[in-house]
Asker: 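Sending over a structure as structure tokens; questions will come in a sec.
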Number of protein chains: 2
Amino acid sequence: MANIKEVSQLAGVSVATVSRVLNRSGYVHRDTEQKVLKAIETLNYKPNLVARSLSNKKTRTIGLMVPDIMNPFFPELARAVEDVMQLYGYTTILCNSDEKAEKEKQYVQVLEQKYIEGLILVSSALSPEEVNRFEVPVVAIDRTIASEKVPTVTVNNREGAQQAVRFLLDRGYRKIAHLRGPSQLLNAEERCRGYLDIVEKLDWFHPGLIVSGDYEMKQGAKATEELIQKHPDVDAIFAANDLMAIGAIRTVQKLGLPIPEKMAVVGYDGIGIGGMILPELTTMAQPIYDMGALAARMLIRMIEKHSLDSMHHEVQVQLIERGTTRR
Amino acid sequence: MANIKEVSQLAGVSVATVSRVLNRSGYVHRDTEQKVLKAIETLNYKPNLVARSLSNKKTRTIGLMVPDIMNPFFPELARAVEDVMQLYGYTTILCNSDEKAEKEKQYVQVLEQKYIEGLILVSSALSPEEVNRFEVPVVAIDRTIASEKVPTVTVNNREGAQQAVRFLLDRGYRKIAHLRGPSQLLNAEERCRGYLDIVEKLDWFHPGLIVSGDYEMKQGAKATEELIQKHPDVDAIFAANDLMAIGAIRTVQKLGLPIPEKMAVVGYDGIGIGGMILPELTTMAQPIYDMGALAARMLIRMIEKHSLDSMHHEVQVQLIERGTTRR
DNA sequence: AGGCATATTGTAACCGATTACATTAAAATG
DNA sequence: CATTTTAATGTAATCGGTTACAATATGCCT
């Protein structure tokens, strides 16, 4: 690979001039520019971005930290981030943290040594203080870091949960259980809160209708089994995420209860799979792609030292009514 | 951030000595080493990897090019690649190509300028000559680049397809249609070939039983509809991938045909969703994670200038028998 | 004591760009 | 015409490491 020096020699100018041509900075005579461009062309010269980064301290590279790209929520998010970054000439490093604080810290360590310019964080393993210690701009998605300093993109979890439950009531379901997510996750807490907001004061309500899960399908299936055994009169399940909802559907179908007649299921997230199963899953859909794209745009603004209109963006969930609830 | 010079000053030695300590290269007196380590500790010094890369020409960064991370096949692959790379201290840049040659070329261009050390390619948009022009080691997964020079990880598509079809025959299905993948993809061609190997000479066979698709669910559903309309006596569908198989199931269920009694469906790939729908999809599963991990290991060997045991690894698909075929 | 291998450390070149500063020529100004 | 601006270019420092080479010290052998 040719370097700037070879180009400068071929063009009969100094490296500074070549650099000026490359960056359109400073004065360069038209004729000189032409000579340089021709030399660049001839040698098929491409600037060495590592060298450039060393003097610039800019790498046009960002990190994307997700718990696990295999979790169906994250591919769409990753795609959005990557699309926007690509559009602005940035490159995206993918990191799977498994929600392990150690792994995250180690990753961030290396990424900072590599001069990444920003980080999109979908995780709750790290404390706000640890995140604040990062040297690069960070945007957190979904699992809010409880820190004013870190910009976030979140959804109105509580309100969405309320809507979902109200929707079930409107459709005539009378005893609604909740499969809640892992207790350490804020969004699980909020969704549960929203559920409670609606049902708490209803006469049939009783805390046993809330079953804890881990956002995985298996758990959802198992929890549903126990639930129905203990409370056979439950006629609707509001799951805190789609995977658990799918687990619930499996159990319900195995038990031979017709969906949506005898049992309704509503999920949360709006992942693609929900539209593939039959009956299709009714769900409170998050605008996953939009959230990723928004976070990416915010991060870029921060990297480029522009100010953000708002530190905390809350996007709206939307109910997608499909086959697991009756009309 | 402290740099090596500050460390050397605090330790009262030259930068060369610090570098020797860092890299455990050359001679360093025990006492000196201790002084240096203490200085590193005090300043919380971390080497600047960009600077190191500039003199090394090693970035410990690789690229992973997939058509679209949102396609359910790729997250597992990406996870495998990332896991192995992480294990060996490499960092993974994610690229979505949408199978567009232009996008791929542009990406590779930038990645090379950034000194990536290797590339894992899941794509067929580029010609072998274009791939050979890359300056870094490449491993191709799945969609074989028809070039002896590029190491590949593939599956025995043809054989797997044969097995799948034979399995259907064994189970007593008598008229098996095939939803084939996009004509430009080698694996679609091979799977179709495998199907033909078995059924071509059977009396009921007839080319109209092969319907073209694009590996997407929608297409699979639509193609199945047309298929059943034209050939109502078809009692089994072998789809070239799981997404189309899922589409097929949807159509079949909508038409009220009981699965697996009146209609069987077998997919190909073994993506996670197959186990979530009901009935669960019988499929020729590729060891997706293993393929990614294997490709990653091969790439690392190439980067580290070790020789490969074999340029072309063919891994075995395996039938997972589930609910869409009868016992 | 002289010669040689080994150990320890430093100086300076190098990786490949950017850029502050200096120099000179040409154009604009009074 | 002298003076100031603007234009054009080059020299060399810098980013933060690695490493070839040189210099010196030490121990061992004959």
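Computed over heavy atoms, backbone and side chain alike; hydrogens, waters and symmetry mates excluded.
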Asker: Who passes salt bridge (Lys or Arg N to Asp or Glu O under 4.0 Å) against A:Glu104, sequence neighbours left out?
Answerer: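 Testing A:Glu104 for salt bridge (Lys or Arg N to Asp or Glu O under 4.0 Å), a comparison that skips the adjacent residues, returns none.
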Asker: Quick check on DNA chain C: between B:Gly12 and A:Ala51, whose nearest nucleotide comes earlier from the 5' end?
Answerer: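 First, find each residue's nearest nucleotide; the 5'-ward one identifies B:Gly12.
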Asker: Ignoring hydrogens and angles, write down the donor-acceptor pairs under 3.5 Å from the side chains of residues 20-36 of chain A, residues two or more places apart or on other chains.
Answerer:
residue, atom, partner, partner atom, Å
A:Asn23, ND2, A:Ser19, O, 2.8
A:Asn23, ND2, A:Ser19, OG, 3.2
A:His29, ND1, A:Asp31, N, 3.1

Asker: Just to verify, what does A:Ser53 make a side-chain hydrogen bond (donor to acceptor under 3.5 Å, both in side chains) with, not counting sequence neighbours?
Answerer: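 Partners of A:Ser53 under the side-chain hydrogen bond (donor to acceptor under 3.5 Å, both in side chains) test: none.
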Asker: Output a table of nitrogen or oxygen pairs between the protein and nucleotides 19-25 of chain C separated by less than 3.5 Å.
Answerer:
none

Asker: Can you name the salt bridge (Lys or Arg N to Asp or Glu O under 4.0 Å) partners of A:Lys105, sequence neighbours left out?
Answerer: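 Checked A:Lys105 against salt bridge (Lys or Arg N to Asp or Glu O under 4.0 Å); matches are A:Glu102, A:Glu130.
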Asker: List in chain and number order the residues that pass salt bridge (Lys or Arg N to Asp or Glu O under 4.0 Å) with A:Arg60, two or more places apart in sequence or in another chain; answer none if no residue qualifies.
Answerer: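 By the salt bridge (Lys or Arg N to Asp or Glu O under 4.0 Å) rule, A:Arg60 matches A:Glu304.
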Asker: Taking only heavy atoms on the protein side, list every residue of residues 35-47 of chain B lying under 4.0 Å from any atom of DNA chain C, sorted numerically.
Answerer: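 Under 4.0 Å from DNA chain C: no residue of residues 35-47 of chain B.
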Asker: Is a donor on one side and an acceptor on the other found under 3.5 Å between the side chain of B:Glu112 and the backbone of B:Glu135?
Answerer: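 Between the backbone of B:Glu135 and the side chain of B:Glu112 there is a qualifying donor-acceptor contact (under 3.5 Å).
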Asker: Collect all protein-nucleotide pairs involving nucleotides 3-8 of chain C in which both atoms are nitrogen or oxygen and the distance is under 3.5 Å.
Answerer:
residue, atom, partner, partner atom, Å
C:dA7, OP2, B:Tyr27, OH, 2.2

Asker: If we fit an axis to the first five pairs and another to the last five of the helix from C:dA1-D:dT30 to C:dG30-D:dC1, what angle do they make, to the nearest 10°?
Answerer: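 End-to-end axis angle: 50°.
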Asker: Give the table of side-chain donor-acceptor pairs shorter than 3.5 Å for residues 63-75 of chain B, with sequence neighbours excluded, one pair per line with atom names and distance.
Answerer:
residue, atom, partner, partner atom, Å
B:Asp68, OD1, A:Arg79, NH1, 3.0
B:Asp68, OD1, B:Met70, N, 2.9
B:Asn71, OD1, B:Phe73, N, 3.0

Asker: Looking at residues at least two apart in the chain, or sitting in another chain, which of them share a side-chain hydrogen bond (donor to acceptor under 3.5 Å, both in side chains) with B:Asp290?
Answerer: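 Once residues adjacent in sequence are excluded, B:Asp290 has no partner under the side-chain hydrogen bond (donor to acceptor under 3.5 Å, both in side chains) criterion.
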Asker: Of all residues at least two apart in sequence or in a different chain, which pass the side-chain hydrogen bond (donor to acceptor under 3.5 Å, both in side chains) check with B:Ser8?
Answerer: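 side-chain hydrogen bond (donor to acceptor under 3.5 Å, both in side chains) check on B:Ser8 returns nothing, list empty.
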Asker: Are OP1 or OP2 of C:dT18 and a side-chain N or O of A:Lys57 less than 4.0 angstrom apart?
Answerer: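 So the side chain of A:Lys57 is outside the cut-off, no N or O lying under 4.0 Å from OP1 or OP2 of C:dT18.
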